[in-house]
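Naming convention: chains lettered A, B, ... in sequence-line order (proteins, then strands); numbering from 1 in each chain.
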There are 4 protein chains.
Amino acid sequence: MASIAFIGLGTMGLPMAVNLVRAGHDVAGFNRSPGKTAAFAEQGGTAADSARDAVRGAEVVITMLPDSPDVEAIADDVLTADGALWIDMSTIAPTTARAVAERGRAAGVRVVDAPVSGGEQGAIDGTLSIMVGGAAADVEAARPVLDVLGTTIVHVGPAGGGQTVKTANQLIVAGTIGLVAEALTLLRAQGVDLEPAVEVLSGGLAGSTVLNRKAPAMRNHDFTPSFRVDLHHKDLGIVLGSARDAGVPLPLSATVAQLMAAARAQGHGDLDHSALVLVIEQLAGLNQD
Amino acid sequence: MASIAFIGLGTMGLPMAVNLVRAGHDVAGFNRSPGKTAAFAEQGGTAADSARDAVRGAEVVITMLPDSPDVEAIADDVLTADGALWIDMSTIAPTTARAVAERGRAAGVRVVDAPVSGGEQGAIDGTLSIMVGGAAADVEAARPVLDVLGTTIVHVGPAGGGQTVKTANQLIVAGTIGLVAEALTLLRAQGVDLEPAVEVLSGGLAGSTVLNRKAPAMRNHDFTPSFRVDLHHKDLGIVLGSARDAGVPLPLSATVAQLMAAARAQGHGDLDHSALVLVIEQLAGLNQD
Amino acid sequence: MASIAFIGLGTMGLPMAVNLVRAGHDVAGFNRSPGKTAAFAEQGGTAADSARDAVRGAEVVITMLPDSPDVEAIADDVLTADGALWIDMSTIAPTTARAVAERGRAAGVRVVDAPVSGGEQGAIDGTLSIMVGGAAADVEAARPVLDVLGTTIVHVGPAGGGQTVKTANQLIVAGTIGLVAEALTLLRAQGVDLEPAVEVLSGGLAGSTVLNRKAPAMRNHDFTPSFRVDLHHKDLGIVLGSARDAGVPLPLSATVAQLMAAARAQGHGDLDHSALVLVIEQLAGLNQD
Amino acid sequence: MASIAFIGLGTMGLPMAVNLVRAGHDVAGFNRSPGKTAAFAEQGGTAADSARDAVRGAEVVITMLPDSPDVEAIADDVLTADGALWIDMSTIAPTTARAVAERGRAAGVRVVDAPVSGGEQGAIDGTLSIMVGGAAADVEAARPVLDVLGTTIVHVGPAGGGQTVKTANQLIVAGTIGLVAEALTLLRAQGVDLEPAVEVLSGGLAGSTVLNRKAPAMRNHDFTPSFRVDLHHKDLGIVLGSARDAGVPLPLSATVAQLMAAARAQGHGDLDHSALVLVIEQLAGLNQD
């Protein structure tokens, strides 16, 4: 069993850290807001007083933080853990992931980027999909720990590769939500019964996980968050920034990013990302009472 | 067993008509180009000399034609079949479908619109998905015949409803192809290995039938047509025209329609619609040698 | 002085026909709604009982009608005027204009397409810009009459050419309104004083007639119509249809067409097209009280 | 006459600094690449060995640098000039401009942001348009110096306001180039003579400075740079980033940013931004030999 530091005990991080404890690992947890650290201690983890305290003596450091600047800000502390393996599971810019890996090489810390998909439920159930970038040996070293957290762990390329695949994931998901929103609004405006329509759409080439999981909620305007508009808006900023760096124009993704920005600007930031349908409905002059 | 007239023996129509023959129906087939009619006769059907000849005495008339004007042009002939049930399985504008149904009511011919998805393979295998619009009794009357042709037959609403759901299908499929094309191009430009990337994307919320079926072909630039760019371009014209009629703005669909138009303008009209990836790659300055 | 039939006495047509009367021409006017015909008679014109009545004996027939189907519907009547010159000043699809010119050739009626820009004020003042398609000799024959109606009369190409240039005009105008709407909303959201901002923008490469004429109205939400959203929406349908026929993808125009459709769907169809800014403001969550 | 430090002697900065010398000011110039500093000395300026050297004792510091990080990097040096007025004329992110102004307040250096439009020719001729953000008193203090460099100097708001108006300028200019590119390509594909078409378009609501200045170059594919694709691409990154910060979705600007990114990715980065027309032509399958 490994000695693990886990930094970032939010909606995703806390259940992930708890799963590692349950798997028998020795996990020191830290979160900037102390209440979260205490909650982790209540579930069997060790509370650390600071990030630096958490990483002291750790064989593996896991970070699960909101955005690129957060990971950059914690790097000085993590890189004191000479000889450790740093698994950054945050969703951040690929360029930041590559820069952090570079700094790790200089500091004697091996770094892999391992962002996830699967949401809060996947974090609780230990069924996340994990896309991993880094040197093959480091990814293998990380695998026993990642196996506790997810069911699909795929090594996709060198440092930053995990984040790059995550950008691809986030653009496809946002875009598919947008397409389903357009389709449902078009059907609704013409008086088609949405339930059988979605059934027949699902069976053919139009079928998707988004259609299966999100269309009912879109129909009923039930936007209990599984992944919030605000977070997807942040991620689409990473997508477009990364595409700029890579010199790849993305006409559809750029358009859906504006729609997600509209969802946020219209006050839906805390709703599930499927609330994008509200933007399409408003463009169509529906729901204006 | 029913006496059926089948008009339009093209890539889709011919195997569908043959399946009806094999199911024991008495099928008179007609196609404007006589070679197709002869091919149908060779496979057990009855060759008709004209559309009017085909529909004479038919209980059921099925049409499978390229576009709205073709259906409008054949209507005079079909509507001579007093008392018949006309199942139009072409993909045409919902407004045309509603107009034809209206004319049918005046002429004593019941009309249902029943466009399909599933492609040539689905037509051959009798596994099409069929979205049906019309009066409930007429749809029930059509069902025994449709059961021969497809495995999913869903009544989605009144006349024109089938075509409306087909527009929703075509916009989602084109858009998803576009999103997957953007994602793969972004990954490729950054040196990520596409095979494991697609594997991990498929397992989460980014998963779709398009990703499963089309991503390998996009990776290998194998564009053997299952559904051609030219046809999808035509259908996106119907989608946007129908959205105009319905007063529904479709920002993503309008953008992907431009990309599909570009695929056609660049000479890829006869390739599979997954060749949309060539447009994205060209925007990114790839494949320019 | 010429004997002229003028069909279509709407907001644009009536003042144009009156200008021709004042210039000394002998003008028989007709409009489907008889009140308009009577109004024309009050201003010195001759009231015709029907289109066919109006064109009888006319040397020149001018039509100023809402849309392509209206021109197609009137063609049978106009083409009875053997030997006449038909100047169609409606904004219609270039394909329709070409088809009508073709029919004219068969019927012995010379046809030029001569759509206008300049709006109601330009029609009243006789200062329209007129873009003319047709054979050079026919355009020269039309010029004395057109000189009464406008100040810029340009022969741009063969039959349909005038309509094609009009599509270019309408896409640039709609797009520029959209860009100015985005710019003003971005400035407003950041608390910049719009008046000096517009002043400095006007002086450089961002300057345009739209910025000069429409920005003040957009700032003050004064949408007294000079050209209505509904009409521009119709015209953008022609633009995109024509681009489809010509095989030219138009990513920006297709996007602005969705925004104009949203303006209409949201109930702004009777406002000036500069009301497009309301759509952008709503996307940004402004004006929601 | 003022004692001025001028940092950044590139294509724009050098002629601006020379104009200040000619107006009688005492100007110490510095550029990272020493050749540029020497060129300035040859034209009457004083060569400084470093930025810190240049600003020593200066009453006014002017910076004209490529991008936000360059301005951030020079700030430590400039802010040693206690009591000076810093006029940053670079085009950078409004947030960076605001942050720099904040740091200036702490350091006792007054800061105004004063980006320009008008291009290299405007810099040489001293006819730039200058959009100025900052405190009214500081803007007034800067005016005598700015009057040497430009003919239109407008105070548009508080710190960052100048940069915000510059983002509005850059989005309108890029978008208008895109619209004119779409219009010309549509006309060209239909065989319309572009010269009379542009003439008639210019006279009406479609008229713009872009149409006047860039359409001839687009027609002739003469892309001698007045403002390069690479720079406009950079600026559109600032536009979209600033819109994200401000919560304003920009559907048209986001689309044109993809087209500009395509121009760059396709190897046109060093051409004039009007080379955007090459992207539209390529989408339409033109120029592929």
Of the listed residues ([options]), which shares the most heavy-atom pairs with chain A below a 4.5 Å separation?
options	result
B/Pro249, B/Gly118, B/Pro94, B/Ala181	B/Pro249
B/Ala189, B/Gly157, B/Ala246	B/Ala246
B/Pro158, B/Gly160, B/Ala183	B/Ala183
B/Leu171, B/Thr185, B/Leu205, B/Thr167	B/Leu205
B/Arg188, B/Met131, B/Lys166, B/Gln190	B/Gln190
B/Leu194, B/Val248, B/Thr152, B/Asp245	B/Val248

Distance check, rounded to the nearest 0.5 Å: B/Leu250 atom CG versus A/Ile280 atom CD1?
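Spacing of CG (B/Leu250) from CD1 (A/Ile280) equals 7.5 Å.
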
CG/B/Leu211 to CD1/A/Ile172 distance, rounded to the nearest 0.5 angstrom?
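If I round to the nearest 0.5 Å, the distance is 5.5 Å.
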
Say whether, by atom type as modelled, one donor and one acceptor occur between the side chain of A/Glu182 and the main chain of B/Ser253 under 3.5 angstrom.
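Such a contact is found between A/Glu182 side chain and B/Ser253 backbone.
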
Got a donor-acceptor contact below 3.5 angstrom from the A/Thr209 side chain to the B/Gly207 backbone?
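Judged by distance alone, yes, a pair lies under 3.5 Å.
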
Quick check on the interface: out of A/Val154, A/Val239, A/Val256, who has the most heavy-atom pairs with chain B under 4.5 Å?
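If we count pairs closer than 4.5 Å to chain B, A/Val154 comes out on top.
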
Side chain / backbone / both / neither for A/Lys214 at chain B, heavy atoms under 4.5 Å
side chain

Taking all heavy atoms of [X] and all of [Y], pick out the closest pair and write down the distance.
X	Y	result
A/Asn169	B/Ala206	OD1-CB, 3.3 Å
A/Gly175	B/Leu179	C-CD1, 3.3 Å
A/Ala197	B/Val165	CB-CG2, 3.9 Å
A/Pro251	B/Thr255	CB-CG2, 4.0 Å

Let's go through A/Leu259 and B/Leu252 carefully: what are the C-alpha distance in whole Å and the side-chain angles of both, what is the deciding distance for side-chain contact (heavy atoms from CB on, under 4.5 Å) to 0.1 Å, and is it a yes or a no?
CA-CA 9 Å; A/Leu259 299 174; B/Leu252 291 168; 4.2 Å; yes

Given side chains that start at C-beta, do those of A/Ser129 and B/Leu201 come closer than 4.5 Å, heavy atoms only?
no

Heavy-atom side-chain contact between A/His155 and B/Val200 under 4.5 Å:
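Of all side-chain heavy-atom pairs linking B/Val200 with A/His155, none is under 4.5 Å.
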
Worked check of side-chain contact (heavy atoms from CB on, under 4.5 Å) between B/Val156 and A/Asp193:
CA-CA 6 Å; B/Val156 294; A/Asp193 191 356; over 6 Å; no

Greater than 12 external heavy atoms within 6.0 Å of A/Glu195's CD:
no

